[in-house]
Amino acid sequence: MRHGALRFAGGAAVAALTVLAACGGGGTELVETRPVSGTWSWSLPAFFPEPKVPADNPMSAEKVELGRFLFHDRRLSGNGRQACASCHRQDKAFTDGRGQAIGSTGEPHPRGSQQLSNVVYNATLTWANPSLVTLERQMETPLFGESPVEMGVTDATKALVLQRVRDDSGVARYRERFAAAFPGETEPITWANVIKAIASFQRSLISGDSRYDRWLAGKAVLSDAEQRGMTLFFGEKAECFHCHGSFNFNDQIVHAASRIVETPFHNTGLYNLGGTGAFPEPNRGVFELTARADDMGRFRAPSLRNVEVTAPYMHDGSVADLDEVLRIYAAGGRQVVSGANAGDGRANPYKSDLVSRIDLSPAEQADIVAFLKTLTDTAFLADPRHADPFASN
């Protein structure tokens with residue numbers, strides 16, 4: 001069953017099975033070290049492709065370590081109260097456990113913080129913006145965005161925040177780290193380099209050591225319930241694989257060998273205000289950018305790796321737990337019976353054709369949830385290479 005488990009999962013899964021078969025199934029090593037130019041080597045599961053990295057921001061150990069410090073440093077926000085890590089906690093797969101993120105000034109964000117495990121493989125990088133396709137470009141929004149305020153860096157505080165970095169005399173040793181990460185630059189402490197360093201750190205957040213991954217490599221056992229859930233997940237009954245069938249359990253994948261990159265967004269029938277097909281403002285998906293009716297409620301399908309620890313779910317955090325997620329998908333959408341958001345999402349006219357009622361018993365739904373929990377990578381959630389470097393100092 002091990003080599004047949006991913007038969008519906010598409011090209012990346014087929015590649016995984018090819019690797020496993022070539023290595024004799026259970027005899028394969030779980031992680032391969034793949035050196036690249038400079039001072040960086042990827043430590044990747046055998047069936048993970050090499051990540052794509054921008055030519056103008058190559059990976060290096062020095063840059064990744066600098067990015068780790070900056071990612072966890074509250075001084076990088078305008079008022080010095082919030083770090084990137086405030087909304088992206090390692091123990092929660094770099095989410096924050098909230099339905100909606102909270103910015104440095106206390107202003108709520110309409111959407112939840114997305115997880116960052118394997119973010120290097122994401123073809124787009126927000127819930128509903130097809131144009132943000134690099135971590136460097138995406139990072140400008142949380143750093144400098146004005147509505148909602150996240151990190152809260154403005155034209156008036158840009159120089160002040162950089163000066164905090166230059167003046168550091170503690171454990172971060174920023175002058176030394178920037179010089180090592182960006183050798184040959186007269187003044188390496190710039191916003192462009194801050195962004196490049198954090199993006200490099202984010203690209204290093206590889207998660208592929210879950211119990212499911214170990215099972216694929218013949219190094220772990222799945223329970224009967226977990227195997228039943230896996231069969232449903234990848235099979236023709238539940239068909240979860242349509243949106244979550246890649247090696248990263250999503251459907252927007254890019255890597256070094258990519259030629260054609262698909263970036264689908266989906267309306268899953270979460271809302272249908274008054275039977276009009278509308279989603280609550282300002283969370284109306286790609287429609288917010290295009291104003292096209294058929295983009296209403298279309299959001300990116302997130303990776304399901306580490307999904308056990310990333311509750312609450314959906315773009316707005318309106319689904320409390322995985323059991324409720326399965327009930328909604330089994331029903332073909334969500335019915336909100338009262339209040340401002342009342343409406344039958346199952347009948348949303350813009351709902352994806354991939355979302356329809358599935359005849360899943362409560363026991364089958366529980367089996368799928370059991371399988372999803374095998375995607376938790378506990379080593380990743382506690383890996384000291386990603387941890388807060390200020391915590392022990």
_Checking Thr33 against Ser43 for the side chain to side chain contact (heavy atoms under 4.5 Å, CB included) test, could you report, in this order, the C-alpha distance in whole Å, the side-chain angles of both residues, the deciding distance, and whether it holds?_
CA-CA 4 Å; Thr33 300; Ser43 294; 4.0 Å; yes
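- Every pair passing salt bridge (Lys or Arg N to Asp or Glu O under 4.0 Å) that includes a residue from residues 302-322 is listed here, sequence neighbours excluded: Asp213-Arg305.
- Of all heavy-atom pairs spanning Cys84 and Met151, the tightest one is N-CE, 3.8 Å.
- The ring of Phe233 has its center no closer than 6.0 angstrom to the ring center of Tyr212.
- Leu132 and Phe287 end up in different hydrophobic clusters when Ile, Leu, Val, Met, Phe, Trp and Tyr side chains are linked at under 4.5 Å.
- In terms of heavy atoms, Arg164 sits closest to Ser77 at NH1-O, 2.7 Å.
- Remark: side-chain polar atoms of Trp127 are not paired, donor with acceptor, to backbone N or O of Gln114 under 3.5 angstrom.
- The backbone N or O of Leu222 lies less than 3.5 Å from no partner atom in the side chain of Glu226, so there is not a single donor-acceptor pair.
- For residues 301-335, the set of pairs meeting the ring-ring contact (aromatic ring centres under 6.0 Å, His included) definition, not counting sequence neighbours, comprises Phe299-His315.
- Asp323 contributes atom CG, which lies 11.5 Å from atom CD1 of Ile368 (distance to the nearest 0.5 angstrom).
- Between the OG atom in Ser131 and the CG atom in Leu289 there is a gap of 6.5 Å [rounded to 0.5 Å].
- Within the 4.5 Å cutoff, the side chain of Pro280 has heavy atoms near those of the Leu273 side chain.
- Looking at Phe249 and Val307, their side chains never come closer than 4.5 Å, going by heavy atoms from C-beta outward.
- Lys351 places no side-chain N or O within donor-acceptor distance of the main-chain N or O of Gly345, the cut-off being under 3.5 Å.
- Side-chain atoms of Lys63 and Asn57 include a donor-acceptor pair closer than 3.5 Å.
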*Working for side chain to side chain contact (heavy atoms under 4.5 Å, CB included), residues Leu232 and Leu360*: CA-CA 9 Å; Leu232 287 164; Leu360 290 175; 4.2 Å; yes
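- Within a 6.0 Å radius of NZ in Lys52, other residues, nucleotides and ligands contribute 12 heavy atoms or fewer.
- Using a distance-only test at 3.5 Å, with no hydrogens or angles considered, no donor-acceptor pair links the side chain of Thr157 to the main chain of Val153.
- In this structure, the side chain of Asp377 engages the main chain of Asp209 through a donor-acceptor pair within 3.5 Å.
- Here the shortest heavy-atom pairing between Ala256 and Pro51 reads CB-O, 3.5 Å.
- Counting only residues at least two apart or on different chains, the salt bridge (Lys or Arg N to Asp or Glu O under 4.0 Å) pairs with a member in residues 64-83 are Glu65-Arg68, Asp73-Arg75, Arg75-Asp168.
- With a 4.5 Å cut-off on side-chain heavy atoms, Asn248 and Asn122 count as touching.
- Contact detail for Asp251 and Pro264: the closest heavy-atom pair is OD2-CG, 3.3 Å.
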*Under the side chain to side chain contact (heavy atoms under 4.5 Å, CB included) criterion, do Gln365 and Arg327 qualify, and how do the steps go?*
CA-CA 7 Å; Gln365 293 176 40; Arg327 287 194 294 271; 3.3 Å; yes
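- Under the 4.5 Å side-chain heavy-atom criterion for Ile, Leu, Val, Met, Phe, Trp and Tyr, Leu381 and Leu304 are members of the same hydrophobic cluster.
- Judged as a salt bridge (Lys or Arg N to Asp or Glu O under 4.0 Å), and not counting sequence neighbours, the contacts of Arg203 are Glu136.
- Applying the salt bridge (Lys or Arg N to Asp or Glu O under 4.0 Å) test to residues at least two apart or on different chains, none of the pairs has a partner in residues 100-116.
- Between the side chains of Tyr174 and Arg166, no donor-acceptor pair of N or O atoms lies under 3.5 Å.
- Residues Asn267 and Phe279 have side chains in contact (heavy-atom distance under 4.5 Å, counting atoms from C-beta outward).
- Residue Leu372 comes nearest to Leu326 through the heavy atom pair CD1-CD2, 4.2 Å, listed as atom of the first residue, atom of the second, then distance.
- Cluster annotation: Val171 is connected to Leu66 through the hydrophobic network of ILVMFWY side chains, with a link wherever side-chain heavy atoms come within less than 4.5 Å.
- By the 4.5 Å heavy-atom criterion applied to side chains, Gln202 and His88 are not counted as neighbours.
- Remark: Asp344 CG to Arg334 CZ distance equals 11.5 Å, nearest 0.5 Å.
- Between His386 and Phe380, the gap from one ring centroid to the other is short of 6.0 Å.
- The hydrophobic clustering, which links ILVMFWY residues whose side-chain heavy atoms are closer than 4.5 Å, places Phe94 and Ile102 apart.
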Donor-acceptor pairs under 3.5 Å, side chain of residues 138-150 to any protein atom, not counting sequence neighbours: which ones?
none

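- No path of Ile, Leu, Val, Met, Phe, Trp and Tyr side chains, each step under 4.5 Å between heavy atoms, connects Tyr271 with Leu354, placing them in separate hydrophobic clusters.
- At a threshold of 4.5 Å between non-hydrogen side-chain atoms, the residues Lys373 and Val369 count as touching.
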_Steps toward side chain to side chain contact (heavy atoms under 4.5 Å, CB included) verdict (Phe48, Glu32)_ = CA-CA 9 Å; Phe48 276 34; Glu32 293 180 345; over 6 Å; no
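- Between His266 atom NE2 and Asp353 atom CG the span is 11.5 Å, to the nearest 0.5 Å.
- A side-chain donor-acceptor contact under 3.5 Å links Glu185 and Asn193.
- Taking the side chain as every heavy atom from C-beta outward, Thr124 and Asn129 never approach each other to under 4.5 Å.
- A side-chain donor-acceptor contact under 3.5 Å links Arg177 to the backbone of Ala172.
- Side chain of Asn272 to backbone of Thr276: a donor-acceptor contact under 3.5 angstrom is found.
- Taking the ring centroids of Tyr121 and Phe247, they lie under the 6.0 Å cut-off.
- Summarising the geometry of Ala123 relative to Thr263, their closest heavy-atom pair is CB-CG2, 3.9 Å, with the distance given to 0.1 Å.
- Ser207 and Asn306 share a donor-acceptor pair across their side chains, judged by distance under 3.5 Å alone.
- Within the 4.5 Å cutoff, the side chain of Leu205 has no heavy atoms near those of the Phe71 side chain.
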